[in-house]
Amino acid sequence: MAEGASLLNDGLETLRIIGRLSWQRNLTAWLYVPTGILVVLLTCFGVNSLITLSSVSFPASVALLICLFFALILCDLVIGDRKTRKLVNLIDVPAGFTLRYISLFFTPSFVLLPLSPPIGGVEVAKIIAVFLIGFTFMLAATAYIVRGLQLLLGSSKKAIHERAEEMGNEADDIPLTDRARTCSDTTLVNETNAPGTANFQLALDDSLNDLIAPQRTQDPSLARRSGGPPIQDITAAVQTAARPVSQDPLQLTRPQRWAFFINTNTDRITYTIIFLFIGLPIYYSTGYAMPLHLTLNILAYFFAIALPPSFKQFLHPVLASSLITVLAIWVLGLIRGDSLHTTLSAYKTSTTYLSLFRPHQTVPLPGAGDIFSSVLDASIVALALPMYNYRLELKRHFFAIVIPNVVISIASLFGYPAICYAIGISSTRSLAFSARSLTLALAIPAVDNLGGDGNTVAAIAIMSGILGVLIGPWMLKKLRIPEDDYVTRGVTLGGNSSAIATALLLVSDPRAAALSSLSMSLFGIITLTLTSLPPIVEAVQSLVNL
């Protein structure tokens with residue numbers, strides 16, 4: 001009886017500690033972030049409604065990215081940097097969340113690969129060969145063009161000098177990456193850390209403040225009424241104070257140990273509870289799979305980012321989590337008697353926010369893949385923040401960004417389809433290669449304009465990003481691109497590996513990430529603009545006999 005009462009008291013104390021330390025994080029995670037993302041998506045819907053009034057096919061997320069970037073620059077000119085910074089910090093609440101976990105939002109493209117039409121082994125080999133050779137050639141060409149332009153324009157040495165000065169004066173971070181270490185504002189975790197650890201660092205620091213042993217009081221023999229030591233004992237006092245004090249740390253109480261464990265595993269615990277007690281009952285009683293698939297996909301992603309670094313060198317978290325998700329939802333579907341095709345069709349019903357926000361329209365309930373695809377649009381918009389934070393670098397290296405992207409865009413649009421079709425790849429899949437380097441949000445509408453295969457472009461666009469993360473830095477090193485040349489690194493990886501590489505640079509090199517996001521956006525804008533022009537579309541289609 002006494003033990004039961006003790007456990008109950010410890011449980012209540014644990015809840016009190018958790019509530020005191022994490023209420024602000026929970027308020028941000030479950031109210032501010034979802035509200036902010038909803039506002040972004042509503043704005044995207046409004047922009048998309050305006051775009052549909054014209055005959056141009058252009059993603060609203062990219063249009064809003066451009067508008068937000070220039071709006072922040074205008075605010076900086078009109079109301080000043082301090083007030084604009086407050087606005088940026090407000091936008092960063094949802095934007096920072098979507099950027100930190102942008103890789104998670106790419107997983108639906110791989111989860112849905114089993115729904116793609118079957119491809120012969122010979123054609124698969126040809127696709128892989130073109131993909132690998134093309135990726136290597138295009139990345140090297142982009143890197144040398146950017147590097148050559150910098151040397152020609154004399155901006156390389158200037159950039160390196162400024163880089164050294166900035167790194168000596170301040171940390172190489174931007175608010176988007178720093179918030180994950182200083183604020184507990186999300187329900188997910190930074191993929192560069194163990195799940196749950198980053199979000200609770202501040203809270204854990206606070207919780208341990210009460211556990212620090214009190215410091216030893218001053219030796220009375222050294223005290224005097226004025227509060228300082230006697231003059232003759234100054235040296236002895238300094239020596240005594242300089243010696244480290246050895247103190248045994250106090251042991252954590254049971255409630256504190258429980259609170260520590262829960263705080264460091266809150267995300268996994270939360271989504272596991274939702275999976276078990278909400279997702280499973282709803283799925284097997286009503287057949288609606290979104291809560292089950294959503295939490296399962298997130299838990300699989302947690303597992304994938306917790307893999308040892310040696311594994312992640314070859315198995316990117318997007319690939320690992322997608323594979324786990326496919327296998328798990330297949331097994332869960334078999335229990336209900338559903339086939340893999342039926343289960344994956346429930347994973348994504350093609351009901352995104354654009355469909356849900358339209359009045360007087362009956363659409364199926366969204367699946368987990370639709371939720372991720374919708375939030376991905378918010379992630380694309382959020383890329384405006386690193387672009388704004390390093391707008392001076394973008395202005396300084398304008399030509400080194402624009403010229404390579406124009407060249408590579410035109411070369412991809414006219415080169416890939418012709419080569420692919422000439423070696424025996426089908427017409428629609430050949431057209432899909434024209435958008436190989438674009439981020440998925442831009443690649444799909446570009447290929448739709450050309451009449452290409454959407455499943456193929458989804459796979460190769462994501463693989464371009466993953467390949468850029470896995471071997472891109474290594475290739476740049478082999479090409480002898482200096483590590484401090486963030487211009488070449490950013491433009492090259494952004495133009496060839498899109499948002500996935502940008503997500504990596506947000507952690508490793510924020511300046512390069514700003515240039516990468518601009519390069520990615522510019523590349524997409526150029527390609528989308530070209531594929532929106534009927535004469536260009538007809539010329540490209542003629543290359544594959546359409």
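When a residue number appears, it is its place in the shown sequence, counting from 1.
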For this session: Classify the ring geometry between W30 and Y271 as parallel (under 30°), tilted (30 to 60°) or perpendicular (over 60°).
Result: tilted
Problem set entry | Aromatic Y486 / basic R489 pairing, under 6.0 angstrom, 45° off normal | no
Seminar exercise, completed: I282 and Y288 have their tightest heavy-atom pair at CG2-O, 3.7 Å
For this session: Tell me, yes or no, whether the heavy-atom count around W330 atom CH2, taken from other residues, nucleotides or ligands under 6.0 Å, exceeds 12.
Result: no
Exercise. Does the side chain of M290 come within less than 4.5 Å of L365's, by heavy atoms?
Worked result: no
Exercise. Which residue pairs satisfy the salt bridge (Lys or Arg N to Asp or Glu O under 4.0 Å) criterion with at least one member in residues 252-262, sequence neighbours excluded?
Worked result: E3-R254, D10-R254
Problem set entry | C67 vs V47 side-chain heavy atoms within contact, under 4.5 Å | no
For this session: Evaluate whether atom OH of Y284 has more than 12 neighbouring non-hydrogen atoms of other residues, nucleotides or ligands under 6.0 angstrom away.
Result: yes
Exercise. Would you say the side-chain atoms of T351 pair up with the backbone N or O of P364, donor to acceptor, closer than 3.5 Å?
Worked result: yes
Exercise. Would you say the side-chain atoms of S519 pair up with the backbone N or O of L515, donor to acceptor, closer than 3.5 Å?
Worked result: no
For this session: Compare all side-chain heavy atoms of T266 with those of R25 and state whether any distance is below 4.5 angstrom.
Result: yes
Seminar exercise, completed: Nearest heavy-atom contact between N297 and F372 is OD1-CE1, 3.3 Å
Exercise. Quick check: does any side chain N or O of N389 sit under 3.5 Å from a backbone N or O of L385, one acting as donor and the other as acceptor?
Worked result: yes
Problem set entry | Exam field: side chain S497 to backbone S464, donor-acceptor pair closer than 3.5 Å | yes
Problem set entry | Side-chain donor or acceptor of D76 paired with backbone N/O of L72 under 3.5 Å | no
For this session: Any pair with a residue in residues 369-386 that passes salt bridge (Lys or Arg N to Asp or Glu O under 4.0 Å), sequence neighbours left out, goes on the list, sorted by first then second residue, please.
Result: none
Exercise. Do L467 and L132 have side chains that get closer than 4.5 Å, going by heavy atoms?
Worked result: yes
Exercise. Which atom pair, heavy atoms only, marks the closest approach of S517 to L383?
Worked result: OG-O, 3.9 Å
Exercise. Could you state the interatomic distance from OG (S379) to CD1 (I102), rounded to the nearest 0.5 Å?
Worked result: 4.5 Å
Exercise. Looking at residues at least two apart in the chain, or sitting in another chain, which of them share a salt bridge (Lys or Arg N to Asp or Glu O under 4.0 Å) with R16?
Worked result: E13
For this session: Flag yes if more than 12 heavy atoms outside Y32 fall under 6.0 Å of its OH atom; otherwise flag no.
Result: no
For this session: Can you see which heavy atom on P94 is nearest to which on I37, and at what distance?
Result: CB-N, 3.6 Å
Exercise. Would a 4.5 Å heavy-atom cut-off, applied to side chains only, mark T295 and L276 as touching?
Worked result: no
Exercise. Can you find a heavy atom in the side chain of I466 that is under 4.5 Å from one in the side chain of F110?
Worked result: yes
Exercise. Are L319 and M463 close enough that some pair of their side-chain heavy atoms sits under 4.5 Å apart?
Worked result: yes
Seminar exercise, completed: When rounded to the nearest 0.5 Å, the distance separating OG of S437 from CD1 of I460 is 9.0 Å
Exercise. Between R336 (side chain) and L332 (backbone), is there a donor-acceptor pair under 3.5 Å?
Worked result: no
Exercise. So do T325 and T107 actually touch side chain to side chain, heavy atoms under 4.5 Å?
Worked result: no
For this session: Classify the ring geometry between F105 and F97 as parallel (under 30°), tilted (30 to 60°) or perpendicular (over 60°).
Result: tilted
Problem set entry | Any donor-acceptor N/O pair, S321 side chain to A304 backbone, under 3.5 Å | no
Problem set entry | Polar side-chain atom of T286 near backbone of Y283 as donor-acceptor pair, under 3.5 Å | no
Exercise. So, T349 side chain and A346 main chain: donor-acceptor pair closer than 3.5 Å or not?
Worked result: no
